[in-house]
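Working notes, structure below.
Counting begins at 1 with the first residue of the sequence. Counting starts at 1 for both ligands and their atoms, following the listed order.
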Amino acid sequence: MLDLTYDAPKPKVISGATGDWELVIGLEVHAQVATAAKLFSGASTQFGAEPNSNVAFVDAGMPGMLPVINEGCVAQAVRTGLGLKAEINLWSAFDRKNYFYPDLPQGYQISQLYHPIVGEGEVLVELGNGTARLVRIERIHLEQDAGKSIHDMDPAMSFVDLNRTGVALMEIVSRPDIRGPEEAAAYVGKLRQIMRYLGTCDGNMQNGNLRADVNVSVCRPGDYEKYQATQDFGHLGTRCEIKNMNSMRFIQMAIEYEARRQIALLEDGKSVTQETRLYDPDKNETRSMRSKEEAHDYRYFPDPDLLPLEIEQAWVDDIAASLPELPDAKKARFIADFGLSDYDASVLTAESENAAYFETVADGRDGKLAANWVINELFGRLKKEGHDITQSPVSPAQLGGIIALISSGDISGKIAKDLFEIVYTEGGDPAKIVEDRGMKQVTDTGAIEAAVDAVIAENPAQVEKAKQNPKLAGWFVGQVMKATGGKANPAAVNALVLQKLGL
Ligand code: ADP
Ligand code: MG
């Protein structure tokens, strides 16, 4: 595999009245596990179901009901851990985090504070300008989601929907290795991409499948390097945590706002209070929600209803053996095997379905040409109609057929676009369409020569001009192409025009 090497990106620097400040960011990403049933019950996880229709007795906190771990959720967490090159803990345990919410009828959330199922891992975050940063993962633990309280449907009443109560979440905690708003968004994007490849999380941010708590602090240049050398958090500033962000754009705006708020405080001689804040997109500001000082005592303790979770190495090995090729490896292979640019390889590997489509098109053909057609023509056309690759009316075999016709010289690039349009709207076998509709490129020099001679004979004034200024030869090429309905081989036309004009 080709080794992709990147430069380290620079941290975001904000200049204040007293000098420069750098940003330090750590994310806690909550990813909904893609499974049919909840973490500790058999109730369905289907999104958009009738309120309170996907609720088992244990989800509703009925007395005497016992949680039973869903093996599928455990497998998905292990799979995600392996995809993030993380350590898998064969022994983990569930704790109760006690708090009251109307949409959490148990009165506690079952989580894994002390012994998470996944330990340290890493994610390569590329920034699209030839730079990338390796962000360390601290841990991933499994936990239950809460339900939903609805306060805006009735002026006097609030409603509770327990469909989401007990759905499995993976909380993926990063080290504070992220150094700017764009990096934070790129990190979430990369996690999302990896989990979609793995099939462990749908990553639909609008549906709340993927949400992030964003921790932000600021420090002076040089402090972060001291933290890196010692892992001593004392070198970093006090952080604030912005809760529950489910939009890449808002994550970036909230970080920017929060960093500037902290800098203003510090430059004013005040200090940052460690607290949880909420971002208000309408006002583009963060507001205090609760301070960490008076933070609730969650009274974590091991859940007595659940035995520690023990898994076997052989089971983990089976899951490891079933992992698909992941984005970094696929991208490196596309660059090495097809000679693609870093950018094209990134676009084509963004989703595994796109990558699979491209590979079928490019198989045994010119990879760069295939990449151009997939990205510019096909993706461009699909995007215009709001479709994704799975809805493409053009199959990889059909697009491959068009590319084969270009490579063999049977059709010109211009005709190929017309052909693509026909295949896109009407379907059919490209080679047969070309044959039936007489779209073949004219490479027969005799026919081209006749067309060139005719254009030259009809335009004596232009001929004189072109003899003074050879750049005007292009005009003749254009005329011949027009006269032949775009079917003449442009290279052959060009050569003949130059020859006949004596240039
Ligand atoms: P808690 O559970 O109280 O939120 P954690 O120790 O689990 O605390 O940390 C939560 C997140 O905060 C992690 O992603 C971590 O990287 C990040 N973090 C810790 N210190 C800082 C800091 N000084 N600046 C920015 N992020 C930080
Ligand atoms: Mg936290």
Verdict with supporting geometry, Arg299 and Asn98, side-chain hydrogen bond (donor to acceptor under 3.5 Å, both in side chains): CA-CA 6 Å; Arg299 291 190 300 112; Asn98 298 280; 4.7 Å; no
Residues Arg260 and Glu256 bridged, charged N to O under 4.0 Å: yes
Which segment of Val173 sits under 4.0 Å of ligand 1 when only heavy atoms are counted: side chain
Distance filter under 4.0 Å to Leu236 heavy atoms, resulting ligand 1 atoms: 23 (N)
Residue Gly237 vicinity, atoms of ligand 1 by number, heavy atom under 4.0 Å: 23 (N)
Atoms of ligand 1 close to Val24 [distance to a heavy atom under 4.0 angstrom, numbered from 1]: 24 (N), 25 (C)
Arg239 and ligand 1 - part of the residue with a heavy-atom distance under 4.0 Å: side chain
Salt bridge present between Asp177 and Arg175 (N-O < 4.0 angstrom): no
Ion pair check, Glu126 and Lys331, cut-off under 4.0 Å: yes
Spatial distance of atom CG (Asp213) from atom CD1 (Ile251) [nearest 0.5 Å]: 10.0 Å
Element-labelled atoms of ligand 1 that are located less than 4.0 Å from some non-hydrogen atom of Arg175: 16 (O)
Ligand-residue contact atoms, ligand 1 with Leu27, heavy atoms, under 4.0 Å: 14 (O)
Salt bridge present between Arg287 and Asp280 (N-O < 4.0 angstrom): yes
His141 side chain reached by Leu113 side chain, heavy atoms, under 4.5 Å: no
SB check Arg139 Glu87 (cutoff 4.0 Å): no
Those atoms of ligand 1 less than 4.0 Å from some heavy atom in Phe233: 19 (C), 20 (N)
Ligand 1 contact on Asp213 by region, counting heavy-atom pairs under 4.0 Å: neither
Those atoms of ligand 1 less than 4.0 Å from some heavy atom in Pro176: 16 (O), 26 (N), 27 (C)
Option nearest atom 12 (O) of ligand 1 (shortest heavy-atom distance, choices Thr276, Asn215, Ile25, Val29): Asn215
